[in-house]
There are 2 protein chains.
Amino acid sequence: MTKAAAHARAHDDRALQAAARLFREQGYAGTSLRDIARAAGMLPGSLHYRYASKEDILSALMERAIDRLIESVLAATAASTDPLERVRLAMVEHVRILLSREDSVYVLLYDWRSLSPAAERAIARHRRRYEQFADELLAQAAAHAPLQPGVDLFLVRQFGFGAANWVAQWFDPKGPYTPEQIADSFFRYLTLGTLRSGGG
Amino acid sequence: MTKAAAHARAHDDRALQAAARLFREQGYAGTSLRDIARAAGMLPGSLHYRYASKEDILSALMERAIDRLIESVLAATAASTDPLERVRLAMVEHVRILLSREDSVYVLLYDWRSLSPAAERAIARHRRRYEQFADELLAQAAAHAPLQPGVDLFLVRQFGFGAANWVAQWFDPKGPYTPEQIADSFFRYLTLGTLRSGGG
DNA sequence: CGGCGTGTTGGTCAGTTGACCAAATTTTGC
DNA sequence: GCAAAATTTGGTCAACTGACCAACACGCCG
């Protein structure tokens with residue numbers, strides 16, 4: 001990589017990272033391009049040179065978040081061949097990234113409405129790959145460990161994602177739980193339930 | 001009630017309902033006071049007469065959403081005295097309201113960031129009552145039906161709320177599930193788990 | 001009937017917004 | 001070392017924003 005290209009990419013990174021943080025804190029509409037430029041240490045014109053519109057920034061941010069998610073969860077699940085354990089590893093990693101300093105995943109999940117219909121379709125297509133990977137993990141786990149009768153894997157996926165994604169809303173780094181403990185508990189509740197068998 | 005007061009309250013209702021719908025669709029910062037006034041069938045000045053600031057509208061909206069939630073869930077759980085069934089009824093009702101035309105609950109859950117710290121504290125205090133009610137329901141259920149060892153009721157509450165609140169993000173009225181079916185399945189997964197006992 | 005308070009009108013105001021650009025500057029390939 | 005390409009600068013522009021208000025209309029009560 002040339003020196004200029006490296007420099008440009010570093011600026012690009014800083015712009016997206018600053019945008020992610022601001023979008024997370026103030027929302028998309030609540031953040032101005034000048035805010036982003038200032039936080040990224042550049043002038044508004046430079047930002048415009050890299051991204052033609054504000055929505056381009058959001059789209060790029062979300063694509064990066066999806067890539068980051070897929071890559072990390074893929075790597076995390078490679079640590080085991082047991083289908084059930086792989087689901088647990090995926091859940092832990094998903095929560096871990098969501099609660100990390102990488103704000104783009106939070107923006108991906110919660111600033112959905114700000115996209116134009118066209119951009120939303122593009123991101124949805126991209127995100128579909130992540131969901132498909134999750135569905136594969138679940139299907140393999142279900143093939144390996146028998147399910148309760150009537151359990152719907154689509155609902156299980158939405159159930160798990162919902163609980164996991166919501167953690168970003170209430171997690172307190174100074175609280176008594178680590179991201180790993182939370183995801184681990186959630187996995188246990190989801191598989192074994194919370195009641196003792198025969199109760200209720 | 002006098003005719004004028006009824007008229008005024010109707011306008012108030014229309015303003016809040018219009019604001020809720022727009023905030024849900026475009027977010028708080030993405031919605032202008034003129035948008036709200038137009039959707040409510042009044043002029044910007046009239047809106048200002050009722051609410052001194054845009055944030056006042058959001059606060060009023062959220063307070064109304066909490067009141068609506070508490071009232072409805074309280075009524076729904078009154079239909080049974082079985083502690084476990086009462087949790088199920090609460091979950092179904094929560095999801096039902098979230099997916100109803102009452103957009104204020106959605107705004108309450110997802111436009112949190114837009115409040116100033118002072119307004120946020122006020123809403124948080126108000127919302128705490130709803131969470132306490134949920135915690136009471138869970139504690140009574142736990143006292144009645146023995147839990148698996150190590151189950152943490154705080155995490156169970158966040159688990160359930162997370163899964164339930166996330167439904168608003170993916171629910172499709174034209175899809176194969178009704179809100180009641182979704183909440184019911186979630187309750188089953190949460191209590192009994194998804195795997196057959198002894199599996200895994 | 002008549003005056004009063006509640007609510008409405010249609011507009012103003014200063015400040016901010018996203019998009020854009022010509023000129024200056026830096027970096028690259030030859 | 002030099003011309004071309006890539007990047008940055010510092011600003012402009014029209015459109016929009018939230019807040020606000022003086023003048024006005026209406027229904028209520030005496």
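The sequence lines fix the lettering, A, B, ..., with proteins before strands; numbering per chain opens at 1.
The rotation axes computed at either terminus of the helix from C/dC1-D/dG30 to C/dC30-D/dG1 lie 20° apart, taking five pairs at each end and rounding to 10 degrees.
Looking at residues two or more places apart in sequence or on another chain, you find no side-chain hydrogen bond (donor to acceptor under 3.5 Å, both in side chains) involving A/R121. Take A/Y28 and apply the ring-ring contact (aromatic ring centres under 6.0 Å, His included) test, not counting sequence neighbours, and it matches A/F23. By the ring-ring contact (aromatic ring centres under 6.0 Å, His included) test, B/F154 pairs with A/W170, A/Y177, sequence neighbours left out.
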Polar atoms only, N or O, under 3.5 Å: list the protein pairs with nucleotides 16-25 of chain C and their distances.
unit_1 : atom_1 : unit_2 : atom_2 : d
C/dG18 : OP1    : A/T31  : O      : 3.3
C/dG18 : OP1    : A/K54  : NZ     : 2.6
C/dG18 : OP2    : A/L33  : N      : 2.8
C/dG18 : N7     : A/R34  : NH1    : 2.8
C/dG18 : O6     : A/R34  : NH2    : 2.7
C/dA19 : OP2    : A/K54  : N      : 2.9

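One finds no side-chain N or O of B/Y49 lying less than 4.0 angstrom from the OP1 or OP2 phosphate oxygen of C/dT8. Listed pair A/R50 / D/dA6 fails the phosphate criterion, with no side-chain N or O lying under 4.0 Å from OP1 or OP2.
The stretch residues 164-179 of chain A participates, sequence neighbours left out, in no salt bridge (Lys or Arg N to Asp or Glu O under 4.0 Å) pair at all. Sequence neighbours left out, not one pair with a member in residues 53-77 of chain A passes ring-ring contact (aromatic ring centres under 6.0 Å, His included). Sorted by first and then second residue, the ring-ring contact (aromatic ring centres under 6.0 Å, His included) pairs involving residues 39-97 of chain A (not counting sequence neighbours) are A/H94-A/Y130, A/H94-A/F161.
Between B/R113 and A/D111 there is a salt bridge, since at least one side-chain N of the basic residue sits less than 4.0 Å from a carboxylate O of the acidic one.
We find that CG of A/D12 is positioned 12 Å from C1' of D/dT7, with the value rounded to whole Å. Computed from coordinates, the B/D56 CG to D/dG18 P distance equals 14 Å when rounded to whole Å. One atom, CZ of A/R38, and another, P of D/dG11, lie 15 Å apart when rounded to the nearest Å. Between A/M42 atom CE and C/dT26 atom P there is a gap of 17 Å when expressed in whole angstrom units.
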Under 3.5 Å, sequence neighbours excluded: what are the donor-acceptor pairs made by side chains of residues 61-72 of chain B?
unit_1 : atom_1 : unit_2 : atom_2 : d
B/R64  : NH2    : B/D13  : OD1    : 2.8
B/D67  : OD1    : B/H126 : NE2    : 3.0
B/S72  : OG     : B/R68  : O      : 3.0

